[in-house]
Amino acid sequence: MSLRVRFAPSPTGNLHVGGARTALFNWLVARQSGGQFILRIDDTDRERSSQEFLESILAAMKWLGLDWDEGPYFQSQRAELYRRDAERLLAEDKAYLCYCLPEELARQREAALKAGRPAVYDGRCRDLTRQDRERLEAGGRQPVVRLKVSRAGETVVRDLIRGGVVFNNEVLDDFIIVKSNGMPAYNFACVVDDALMGITHVIRAEEHLSNTPRQLALYRALGYAEPYFAHVPMILAPDRSKLSKRHGATSVEEYRDQGYLPQALTNYLALLGWSPGTEEEIIPQEELVKRFSLERVSLNPSIYDLGKLTWMNGHYLVTVDLEEITSRALPFFQRQGLVSQNPSPKEVDYLRQVVGLVRDRVKTLVEVVDAATYFFTDDWDYEEKGAGKYFTSEAAELLAQAGERLAGVEPFTAEAAEAAYRQLAEELGVKTPVLFHPTRLALTGRTMGPGLFGIMAVLGREKCLERLSRAAVWIRNAAE
RNA sequence: GACCCGUUAGUCAAGUGGUUAAGACACCGGUCUUUCAAGCCGGUAUCAGGGGUUCGAAUCCCCUACGGGUCGCCA
C-alpha cells in the first residue's frame with residue numbers, strides 16, 4: 001500500500017513558518033516515496049475559521065511549491081461521516097452523552113488543579129438514566145458526546161522520530177468527541193478523517209504528542225487501523241518562547257512580501273529540525289525530496305534564526321535564474337512606482353539588466369529595489385558624506401572631461417567605457433579612484449554599489465552624460 | 001501542579017563508548033578591489049550540573065536544574 005500523508009491546517013490564521021515546515025516535511029515524504037500528499041482543512045471551529053485565511057494558506061502553499069494530490073477536503077463538509085461514527089460509538093456503548101455545562105467543567109478542572117489532582121473529567125454523566133437525560137434536555141441542555149476511556153494500563157505511541165512514548169492511562173479521561181453544537185471535536189474529526197482518508201503516516205508538530213493517546217483510544221474504539229506517527233519538534237523564537245507576532249514576521253506571506261524567495265524559505269525550513277548528516281547547507285527542493293528522512297529529524301526544538309534565512313536568501317538571489325528573479329522582483333519595483341503596471345518588453349529587459357547588476361550585493365527583493373532606484377528615477381540627492389568627500393572643485397573639472405570622453409566611446413559598453421576612463425586617468429595623471437569615486441556619486445548619488453562601468457552600460461550614454469554634467473553644475477553651485 | 005518531550009558554541013547542527021568534538025549562520029581578522037558586498041584564507045566560541053556504569057562517556061543509567069508541550073465544547 002502506498003504512503004499517504006496529510007497536512008491539516010485550520011483556517012484560523014495565516015500559514016505560519018511552523019505549519020509550513022510541517023507541510024514541507026509531509027510533502028517531502030510523499031514525493032520521495034511516490035505516495036500521496038493530502039490537504040485537509042480542519043475548519044470545525046466555525047467562529048474562528050475564515051475564507052480569507054483559507055485563501056491565504058492555499059496561496060502560501062502554492063508559493064512554496066507544495067502541491068497536493070487530493071483535497072482540499074473540508075471537515076465542515078464531512079459532518080455526516082463524524083455523525084455516523086459517533087452514533088456507532090454510542091450504539092456500541094463506547095461513548096455516552098454528557099450534559100455538564102462548560103462552566104461546571106471549568107470549575108471542576110480548577111478545583112482539581114488546585115488540589116494537585118490530574119484535571120480529568122470525573123465521568124459523572126456516564127451512568128445517566130433515560131429519565132435523567134430527559135429531565136436535563138427538558139431543561140434546555142444540549143449534550144456533548146464523550147468517549148468511554150479506560151484508565152487502566154498504559155498507551156504506547158509508536159513515534160518514528162522518538163521511538164515508543166509511554167503514557168500511563170491514568171492521565172486520560174472521557175474526553176469530548178462531539179461538541180454540543182453537533183460539530184466533532186478535534187481529536188475525533190482528526191481520527192475519523194485520518195482513518196477514512198487512509199492516512200498511513202501522521203507527521204505533525206510535537207504539540208500533538210500529548211493528544212496521541214486519546215487519538216489511539218479512538219482508533220481502537222472505532223476499530224480503525226492505526227497510522228505511524230512522527231512528531232516534529234516545535235520552532236521557537238529567539239527567546240525560546242513560542243514564535244509570535246512580537247518576534248517579527250511569522251507567516252509565510254510576510255516573508256514573501258519582505259522579499260524572501262520560496263527556494264530560500266524551503267531550504268532554511270528543511271534544515272530547521274532536520275539535517276542531511278553531511279556538510280551541505282544549500283539543498284534545493286528537488287534534492288530535499290531525495291535526501292529527506294524522518295529518522296534524521298532532531299528531537300529538540302529549534303530556534304528560528306532570521307539571519308541564516310537571510311543569508312540563504314542572498315545565496316538563492318544570485319543562483320536562481322536571472323529571468324525568475326526578475327519576474328519575482330517586478331512587483332516590488334511596481335509597488336514603488338519604479339516600473340509601470342504593464343511593462344513593455346523593453347522595460348522588462350532593462351529591469352533584468354538592473355537586477356543582474358545589483359542582486360549579488362543584497363539579501364532580499366526589497367533590497368534589490370533599494371539598491372536600484374537610481375536606475376529608474378532622477379529624483380534623488382547626492383549622499384551628503386560622499387559629496388563632501390568627492391565633489392571637490394577639481395572633481396567638477398574631472399567630471400566634465402569624463403563626460404567629453406564618454407561622448408566619444410563607441411560602442412558604449414562597460415569594457416569600452418572602462419578603457420576610456422582608465423586612459424583618461426592616465427592622461428590626467430590621476431589615480432583611477434580619484435576619477436571613479438566622483439563619477440559613481442554623480443551617476444548614482446551613492447558611494448557604493450555595483451561595478452561602475454556596469455552601471456554606465458545599463459544606464460546608457462545619454463543618461464551618463466546628463467548626470468555627469470548635472471553633478472559638475474551642482475559642484476560649481478555648491479562652491480559659490 | 002501532573003504528565004510527556006527535550007538539553008553539543010549566540011543560533012542551526014554532525015556525532016550512536018576511544019574523534020585534534022565536523023560543517024553552516026553570526027562575529028572578528030586577512031586577502032582581493034573603483035566603492036559596498038560577494039568570494040577566498042584564517043580565528044574566537046560548544047558537550048547544562050551532579051552522581052554512577054566502564055580501562056575509557058558528548059554518547060549508556062539515575063537525580064537535579066532549565067526549556068518546551070499537553071492537561072479546552074481551539075486545532
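Chain letters run A, B, ... following the sequence lines, proteins first and then strands; every chain starts at 1.
- For A:R162, the side-chain atoms get nearest to B:G6 when compared with the rest of B:G6, B:U11, B:C74.
- Backbone-only engagement by A:S302 is indicated by non-hydrogen atom pairs under 4.0 Å involving sugar-phosphate atoms exclusively.
- Of the residues near RNA chain B, A:K242 and A:E206, the one whose nearest nucleotide (by heavy atom distance) lies more toward the 5' end is A:E206.
- Classification of A:R107 and A:E103 as a salt-bridged pair fails, no side-chain N sitting under 4.0 Å from a carboxylate O.
- Across all strands shown, B:G67 forms a Watson-Crick or G-U wobble pair, both distances under 3.5 Å, with B:C5.
- Counting only N and O atoms by type, the side chains of A:Y82 and A:T44 include no donor and acceptor under 3.5 Å apart.
- For A:R146 and A:Y121, the positive end sits near the middle of the six-membered ring, less than 6.0 Å away and at most 45° from its axis.
- Using a 4.0 Å heavy-atom cutoff across all strands shown, A:V166 reaches sugar-phosphate atoms only and no base atom.
- For the pair A:V362 and A:Q142, both in contact range of RNA chain B, the more 5′-proximal nearest nucleotide belongs to A:V362.
- Residue A:G273 is classed as a sugar-phosphate contact, given heavy-atom separations below 4.0 Å to backbone atoms only.
- Within the nucleic acid shown, A:L209 comes within 4.0 Å of sugar-phosphate atoms alone, with no base atom in reach, counting heavy atoms only.
- The separation between A:E170 atom CD and B:U70 atom P is 22 Å, rounded to whole Å.
- With rounding to whole Å, A:H208 atom NE2 is found 6 Å from B:A75 atom C1'.
- Using the six-membered ring where Trp is involved, A:Y382 and A:W380 have ring planes that are perpendicular, over 60° apart on the 30 and 60° scheme.
- B:U11 and B:U44 are spaced 16 Å apart, taking the C1' atom of each and rounding to whole Å.
- Counting any heavy atom pair closer than 4.0 Å across all strands shown, A:G307 reaches sugar-phosphate atoms only and no base atom.
- Across all strands shown, A:R296 has heavy atoms under 4.0 Å from sugar-phosphate atoms exclusively, and none from any base.
- As rounded to whole Å, 15 Å separates atom P of B:U35 from atom CG of A:L441.
- Within 4.0 Å (heavy atoms only), A:P301 reaches sugar-phosphate atoms of the nucleic acid but no base atom.
- Distance from the side chain of A:N300 is smallest to B:U7 among B:C12, B:U7, B:A75.
- When distances are taken from the side chain of A:K179 to each of B:G6, B:G69, B:A75, the shortest belongs to B:A75.
- Closest approach to the A:R214 side chain among B:A24, B:C71, B:C73 is made by B:C71 (side chain taken as heavy atoms from C-beta onward).
- Interface remark: the A:R361 side chain does form a donor-acceptor pair with the B:C36 base, using a distance-only criterion of under 3.5 Å.
- Separating the P atom of B:U8 from that of B:G67 is a span of 14 Å, rounded to the nearest Å.
- Only the C1' atoms considered, B:G10 is 8 Å distant from B:A26, to the nearest whole Å.
- In this structure, A:S298 does not reach the B:C12 phosphate: none of its side-chain N or O atoms is under 4.0 Å from OP1 or OP2.
- In this model, the phosphate group of B:C36 is not approached by any side-chain N or O of A:K363 to a distance below 4.0 Å at OP1 or OP2.
- Residue contacts for A:S210: at a heavy-atom cut-off of 4.0 Å it reaches a base atom on one of the strands shown.
- At a threshold of 4.0 Å, the pair A:R158-A:E226 does not count as salt-bridged, since none of the basic side-chain nitrogens sits closer than that to a carboxylate oxygen.
- Residue contacts shown for A:P238 are absent, as no nucleic acid heavy atom lies under 4.0 Å away.
- Whole-Å rounding puts the A:N313 CG to B:A26 C1' distance at 17 Å.
- Taking only side-chain atoms of A:H437, from C-beta outward, the nucleotide of B:C73, B:G10, B:U35 with the closest atom is B:U35.
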Checklist entry - For A:T364 and A:N313, what are the C-alpha separation, side-chain angles and deciding distance, and is it a side chain to side chain donor-acceptor pair (under 3.5 Å)? => result CA-CA 7 Å; A:T364 67; A:N313 203 58; 5.5 Å; no
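- Judged by Watson-Crick or G-U wobble contacts below 3.5 Å, the nucleotide B:U35 has no partner.
- Between A:S241 and B:G67 there is no side-chain polar atom (N or O) within less than 4.0 angstrom of OP1 or OP2.
- Relative orientation of the A:F436 and A:F453 rings is perpendicular, given thresholds of 30° and 60° on the angle between their planes.
- Between A:R109 and B:G72 there is a side-chain polar atom (N or O) within less than 4.0 angstrom of OP1 or OP2.
- Taking the P atoms as reference points, B:U59 lies 12 Å from B:G50, given to the whole Å.
- Rounded to a whole angstrom, the distance from the P atom of B:G43 to that of B:A21 is 15 Å.
- Within 4.0 Å of A:C98, counting heavy atoms only, lies no atom of the nucleic acid at all.
- Nucleotide B:U16 forms a pair with no other nucleotide shown, judged by Watson-Crick or G-U wobble geometry with both contacts under 3.5 Å.
- Within 4.0 Å (heavy atoms only), A:V165 reaches sugar-phosphate atoms of the nucleic acid but no base atom.
- Using a cutoff of 4.0 Å between basic side-chain nitrogens and carboxylate oxygens, A:K179 and A:E47 are not scored as salt-bridged.
- We find that CG of A:L147 is positioned 15 Å from C1' of B:C73, with the value rounded to whole Å.
- Here A:Y186 lies in heavy-atom contact (under 4.0 Å) with a base.
- Annotation: B:C25 and B:A45 have their C1' atoms spaced 14 Å apart (nearest Å).
- Spacing of P atoms, B:C3 relative to B:C62, comes out at 15 Å, to the nearest Å.
- Spacing between atom CD1 of A:I235 and atom P of B:G6 amounts to 18 Å, rounded to whole angstrom units.
- Closest to the A:P433 side chain, of the nucleotides B:U34, B:G23, B:U70, is B:U34.
- Residue A:R422 places at least one side-chain N or O closer than 4.0 Å to OP1 or OP2 of B:U34.
- The P atoms of B:C27 and B:C74 are separated by 46 Å, rounded to the nearest whole Å.
- A:S275 comes within 4.0 angstrom of the backbone, heavy atoms only, and of no base.
- Rounding to whole angstrom units, CG of residue A:L299 and P of B:C12 are separated by 14 Å.
- Considering only side-chain N and O atoms, A:R240 lies nowhere under 4.0 angstrom from the phosphate OP1 or OP2 of B:G69.
- As rounded to whole Å, 16 Å separates atom C1' of B:G72 from atom CZ of A:R107.
- One finds no side-chain N or O of A:N169 lying less than 4.0 angstrom from the OP1 or OP2 phosphate oxygen of B:C3.
- Within 6.0 Å of CD on A:E384 lie no more than 12 heavy atoms contributed by other residues, nucleotides or ligands.
- The residue A:N211 sits close to a base: some heavy atom pair falls under 4.0 Å.
- Across all strands shown, nothing is found opposite B:A58 as a Watson-Crick or G-U wobble partner with both distances under 3.5 Å.
- Applying the 4.0 Å criterion to OP1 and OP2 of B:A75, one finds that A:T44 has a side-chain N or O inside that range.
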Checklist entry - Can A:F375 and A:I455 be said to form a side chain to side chain contact (heavy atoms under 4.5 Å, CB included), step by step? => result CA-CA 9 Å; A:F375 283 105; A:I455 294 174; 4.0 Å; yes
